[in-house]
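In what follows, chains are A, B, ... by sequence order, proteins preceding strands, each numbered from 1.
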Number of protein chains: 4
Amino acid sequence: MNKKELIVQVAIQVFRDQGIEKTKISDIVKAAGIAQGTFYLYFPSKLALMPAIAEVMVEKTLSIVQETVQDNAPFSVKIEQIIDAIFLVTRDYHEIQALIYSGLASTEHLREWETVYAPFYKWISERLEEAREQGIIRESIYCDRTAKLVIGLVESAAEQIYLYDSEQDDQARVQKAEVNEFLIHALGIKF
Amino acid sequence: MNKKELIVQVAIQVFRDQGIEKTKISDIVKAAGIAQGTFYLYFPSKLALMPAIAEVMVEKTLSIVQETVQDNAPFSVKIEQIIDAIFLVTRDYHEIQALIYSGLASTEHLREWETVYAPFYKWISERLEEAREQGIIRESIYCDRTAKLVIGLVESAAEQIYLYDSEQDDQARVQKAEVNEFLIHALGIKF
Amino acid sequence: MNKKELIVQVAIQVFRDQGIEKTKISDIVKAAGIAQGTFYLYFPSKLALMPAIAEVMVEKTLSIVQETVQDNAPFSVKIEQIIDAIFLVTRDYHEIQALIYSGLASTEHLREWETVYAPFYKWISERLEEAREQGIIRESIYCDRTAKLVIGLVESAAEQIYLYDSEQDDQARVQKAEVNEFLIHALGIKF
Amino acid sequence: MNKKELIVQVAIQVFRDQGIEKTKISDIVKAAGIAQGTFYLYFPSKLALMPAIAEVMVEKTLSIVQETVQDNAPFSVKIEQIIDAIFLVTRDYHEIQALIYSGLASTEHLREWETVYAPFYKWISERLEEAREQGIIRESIYCDRTAKLVIGLVESAAEQIYLYDSEQDDQARVQKAEVNEFLIHALGIKF
DNA sequence: GATGAATGAGCGTTCATTCAT
DNA sequence: GATGAATGAACGCTCATTCAT
């Protein structure tokens with residue numbers, strides 16, 4: 001089996017279980033069932049894991065969003081589904097999300113993250129584009145920039161809920177509704 | 001000068017200069033011109049610094065916002081000014097903001113942050129309340145929740161710009177305009 | 001007690017006992033009865049010990065030579081005494097001498113050694129100068145350069161004997177006699 | 001090409017380029033273009049390389065000396081040529097020379113080095129013998145022992161020059177002249 | 001014979017924390 | 001209160017060596 005992927009997958013799991021700060025490389029290799037030195041064959045340091053994790057996380061997020069959003073649903077429903085999906089991912093992985101957003105993982109790898117995040121931005125942007133062409137949202141929207149604002153808004157809203165606790169179903173429901181309302185107006189969605 | 005305050009002020013400065021991860025307590029005490037042991041007279045551990053820093057940062061942010069926003073300006077202008085102020089703070093302190101938002105500083109102190117952030121949320125909420133009472137924004141808005149969404153939106157938008165580089169004046173201008181447009185619709189501002 | 005000196009003294013002892021290559025920093029601190037971290041207060045690395053050791057070794061060598069050589073002895077006897085003294089030091093510290101002579105201790109510290117060795121060269125040079133002024137050795141001698149040759153010759157001769165074994169009294173006696181004869185002619189000593 | 005020889009040749013080269021201490025086996029095999037494991041088919045450990053390297057170095061030194069010294073030159077010229085040759089080798093390989101002289105490579109292999117160095121001592125000894133039989137040098141000389149002194153003297157003189165810097169042509173010229181003068185008297189060369 | 005991914009014991013180094021002064 | 005030398009547990013990382021292919 002591919003050891004590099006194994007390390008990344010296991011690292012995500014261990015980070016979720018015991019927190020990022022407290023995770024030692026020795027914890028990761030133990031969980032992965034490999035030798036300490038093997039880690040260093042694939043990653044020069046603990047920090048170097050981060051871009052790979054970010055990539056996996058974005059893939060995971062995007063695929064959950066894509067699974068949740070129904071192609072033939074009306075745009076207003078799609079927005080609700082996008083919100084649902086992002087809240088879902090945030091609930092389960094907020095610690096890792098936080099890491100990715102914080103400038104933590106040292107400046108050297110920041111550049112890579114831009115590319116890593118690109119597919120997610122692009123997908124949302126395309127949905128906005130579709131809606132705009134169909135006249136369902138206001139025309140003045142710049143889809144690329146707005147996609148980033150939407151993702152930023154929903155993720156930050158979800159983080160506000162899940163930062164302290166993953167068990168916040170009621171709070172989450174209210175917050176999602178509020179975000180939905182917020183977005184309906186922000187995007188000028190017509191029904 | 002009060003040593004406790006001195007330590008917090010110096011710590012923020014050192015964090016900005018050389019990054020949070022790389023900052024050792026010895027760096028802070030050196031910069032503060034005090035002895036290693038003196039630190040522990042005021043803070044039981046390195047982590048105990050964080051709530052104090054968060055408090056100062058929120059005070060700083062709020063006071064910048066308050067200075068920027070003119071009491072007698074129309075609400076739409078106030079929104080622009082709020083955006084300007086948050087972008088300004090984010091540009092100068094995005095690393096520390098990131099720290100505060102990420103779950104980084106061990107869970108024991110998270111609760112305190114909530115209270116620490118409260119004044120900022122409250123102030124924005126009050127401005128929304130005023131506007132709603134004057135019928136300048138849509139009535140369906142829940143001010144408390146929306147205040148958090150607005151702050152989350154603007155901060156995440158600013159972070160997208162400044163994460164990689166603090167010198168992004170052109171990018172920032174475009175992003176600010178987009179956020180403004182976004183908020184005008186989201187809040188249903190009437191002119 | 002001065003910890004820096006303690007470390008150097010103990011390090012020399014430990015190096016002699018168990019060899020330089022096999023000596024870990026933990027061995028040194030254990031023998032010195034200090035904590036691991038304390039070592040790093042005084043020396044940034046194992047290599048950084050070397051100039052300090054060299055200094056002590058040269059001081060030791062010079063003081064043994066000075067003690068052995070009688071001020072009022074005839075020059076030819078002084079030469080014998082110098083040979084005796086250098087052989088003595090080499091027997092007891094040949095491993096450390098070897099270290100000092102090899103380029104081992106990484107190029108960064110080489111420059112310092114030149115200064116460190118200077119007093120020894122100088123002292124020998126002065127003895128040659130005296131002898132030359134008294135017409136006891138050939139006039140064509142450049143004392144400074146010749147001092148280095150003499151020390152190099154005698155030390156290398158001693159090392160040839162003690163490299164493999166410190167118990168070589170017979171061999172040493174013959175070698176010393178040969179070196180003495182060699183030097184008598186090289187310096188053109190007159191009786 | 002014979003892999004064993006290849007490894008030794010490459011190792012010498014890599015040692016010269018990046019220093020002995022910093023050279024890992026992986027560097028050697030990389031430079032040799034062979035696999036990590038292949039090294040261990042020919043040498044049971046890293047230390048086992050040392051005698052082989054010493055052998056090659058002595059062969060190299062001896063052959064350079066033999067090439068430089070002209071059979072039919074007068075003995076005084078031969079001495080100059082020997083000095084030249086040894087300075088040349090020392091300039092190019094002083095780090096490896098240092099390794100060979102220092103007790104570095106664990107004691108188990110020291111014995112072998114004695115035998116390895118023998119041919120060089122023997123060759124010089126034979127030249128002295130010739131000269132002594134022809135009455136060109138003083139009769140009291142023991143050629144075997146003196147050969148070692150001569151080699152030790154010249155090598156240490158060369159090391160004093162090249163230890164810090166390989167580019168020392170002026171210094172080297174003066175030092176060689178001084179050594180020559182020194183030897184002329186030590187050996188009692190008659191013209 | 002040749003390979004090179006995998007190993008893991010071992011070591012150097014860091015740095016938050018303590019405490020005698 | 002203030003100091004800063006001393007501490008030592010903790011961890012990152014290296015690299016000689018192995019072995020299944």
Side-chain angles (χ1 to χ4, degrees), chain A residues 1-4 6-7 21-30 32-49, chain B residues 1-4 6-7 11 21-30 32-49 106, chain C residues 1-4 6-7 21-30 32-49, chain D residues 1-4 6-7 11 21-30 32-49 106:
Chain A
M1 186 214 189
N2 183 319
K3 285 255 165 49
K4 191 167 183 173
L6 173 68
I7 291 170
E21 288 293 272
K22 285 172 207 145
T23 299
K24 295 163 269 171
I25 290 186
S26 68
D27 296 326
I28 297 171
V29 298
K30 224 172 284 162
I34 58 172
Q36 189 90 353
T38 306
F39 179 90
Y40 291 92
L41 290 180
Y42 299 99
F43 298 98
S45 74
K46 192 181 168 185
L47 278 179
L49 260 176
Chain B
M1 184 205 199
N2 180 316
K3 284 247 166 64
K4 191 167 184 175
L6 173 68
I7 290 170
E21 286 294 90
K22 286 175 206 143
T23 298
K24 293 165 277 175
I25 288 194
S26 68
D27 296 327
I28 296 171
V29 299
K30 222 172 285 162
I34 59 173
Q36 193 88 351
T38 305
F39 179 90
Y40 291 88
L41 295 177
Y42 299 98
F43 297 96
S45 76
K46 191 185 177 182
L47 282 176
L49 254 180
S106 85
Chain C
M1 187 214 187
N2 183 318
K3 286 255 165 50
K4 191 167 183 174
L6 173 68
I7 290 170
E21 288 294 273
K22 285 173 208 144
T23 298
K24 295 163 273 173
I25 289 186
S26 68
D27 295 328
I28 296 171
V29 299
K30 224 171 283 163
I34 59 172
Q36 190 88 354
T38 305
F39 179 89
Y40 290 92
L41 290 180
Y42 299 99
F43 298 97
S45 73
K46 192 180 169 185
L47 278 178
L49 261 176
Chain D
M1 185 206 198
N2 180 318
K3 285 247 167 64
K4 191 167 183 172
L6 173 67
I7 290 169
E21 286 294 271
K22 286 174 206 143
T23 299
K24 293 165 278 176
I25 289 193
S26 68
D27 296 326
I28 297 170
V29 299
K30 222 172 286 162
I34 60 172
Q36 192 87 352
T38 306
F39 179 90
Y40 291 89
L41 294 177
Y42 297 98
F43 296 96
S45 76
K46 189 184 177 183
L47 283 176
L49 253 180
S106 83

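A 4.5 Å side-chain heavy-atom check between C/Val29 and C/Thr38 finds every atom pair outside the cut-off.
Position along DNA chain F of the nearest nucleotide to B/Ile34 versus C/Phe39 favours B/Ile34 as the more 5'-ward residue. Along DNA chain F, the nucleotide nearest to D/Ser26 and the one nearest to C/Gly37 differ in position, and the one closer to the 5' end is contacted by C/Gly37. Residue A/Tyr42 is the one, among C/Thr38 and A/Tyr42, whose nearest nucleotide of DNA chain E lies closer to the 5' end (criterion: closest heavy atom).
Look at F/dA5: its Watson-Crick or wobble partner, with both distances under 3.5 angstrom, is E/dT18. Using the Watson-Crick or G-U wobble rule with both distances under 3.5 Å, F/dC13 pairs with E/dG10.
What separates NZ of C/Lys22 from C1' of E/dC11 is a distance of 17 Å, to the nearest Å. Distance CG (B/Leu6) to P (F/dG1): 15 Å, rounded to an integer number of Å. Remark: C1' of F/dT18 and CG of D/Leu41 are 12 Å apart, rounded to the nearest angstrom. The CG-C1' distance, from D/Leu49 to F/dT17, rounds to 14 Å in whole Å. Spacing between atom NZ of C/Lys4 and atom P of F/dA5 amounts to 13 Å, rounded to whole angstrom units. Computed from coordinates, the A/Ile28 CD1 to F/dC13 P distance equals 12 Å when rounded to whole Å. Between the P atom of F/dA16 and the NZ atom of D/Lys30 lies a distance of 11 Å, rounded to the nearest Å.
When the nucleotides F/dT3, F/dT17, F/dT7 are ranked by their closest atom to the side chain of D/Ser45, F/dT17 comes out on top. Closest to the side chain of C/Lys3, from the set E/dT7, E/dA2, F/dA6, is F/dA6. The listed nucleotides are E/dT18, E/dC11, F/dT3; the one nearest the side chain of B/Gln36 is E/dT18. Each of F/dT7, F/dA6, E/dT13 was ranked by its minimum atom distance to the side chain of C/Tyr40; first place goes to E/dT13. With F/dG12, F/dA2, F/dA16 as the choices, the nucleotide that has an atom nearest any side-chain atom of D/Ile25 turns out to be F/dA16.
Of the inter-residue distances, the one linking C/Tyr42 atom OH with C/Leu6 atom CG reads 9.5 Å to the nearest 0.5 angstrom.
Among the heavy atoms of the strands, none lies under 4.0 Å from C/Phe43.
Within the structure, every side-chain polar atom (N or O) of D/Lys46 is placed at least 4.0 Å from both OP1 and OP2 of F/dT17. For E/dG10, neither phosphate oxygen OP1 nor OP2 lies less than 4.0 angstrom from any side-chain nitrogen or oxygen of C/Lys24.
Cation-pi contact between C/Lys4 and C/Phe43: present, with separation from the ring centre below 6.0 Å and deviation from the ring axis of at most 45°.
Looking at every heavy atom in both residues, C/Phe39 comes nearest to C/Ile34 through N-CD1, 4.3 Å. Listed here is the closest heavy atom pair of B/Thr23 and B/Lys46: O-NZ, 3.2 Å.
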